[in-house]
Amino acid sequence: MTPVEGSTFCVSSTSGDMEAEVPQGLFFRDTRILSDWQIRVDGRRPHQAFRRAGCRFRG
């Protein structure tokens with residue numbers, strides 16, 4: 001998933017998680033601000049948070 005808003009964008013896996021070891025995270029002007037993020041519901045990883053590839057955020 002890659003939502004984009006101006007010069008800020010986010011790259012994550014389909015589950016919504018972001019891992020520091022791969023080029024994922026929250027970026028502002030090409031600088032990674034957040035590199036590790038894990039989504040959990042009741043301590044468990046959701047099956048898949050996002051299903052549609054290439055969907056652009058529109059605010």
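Owing to the predicted nature of the structure, the values given are computational and were not obtained by experimental measurement. When a residue number appears, it is its place in the shown sequence, counting from 1.
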Participant: How would you list all residue pairs meeting salt bridge (Lys or Arg N to Asp or Glu O under 4.0 Å) that involve residues 14-24, not counting sequence neighbours?
Facilitator: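 Applying salt bridge (Lys or Arg N to Asp or Glu O under 4.0 Å) to every pair that reaches into residues 14-24, excluding sequence neighbours, yields Asp17-Arg40, Asp17-Arg45.
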Participant: Shortest non-hydrogen contact from Cys10 to Met18?
Facilitator: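 Heavy-atom minimum between the residues: SG-CE, 3.6 Å.
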Participant: Taking distance alone, no hydrogens or angles, what donor-acceptor pairs closer than 3.5 Å link side-chain atoms of residues 28-39 to residues at least two apart or in another chain?
Facilitator:
from  : atom 1 : to    : atom 2 : distance (Å)
Arg32 : NH1    : Val22 : O      : 3.2
Arg32 : NH1    : Gln24 : O      : 2.8
Arg32 : NH2    : Ala20 : O      : 3.4

Participant: Is Val41 isolated, or which residues cluster with it under the ILVMFWY side-chain rule of less than 4.5 Å, directly or via members?
Facilitator: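 When side chains under 4.5 Å apart are linked, Val41 ends up in no cluster with other residues.
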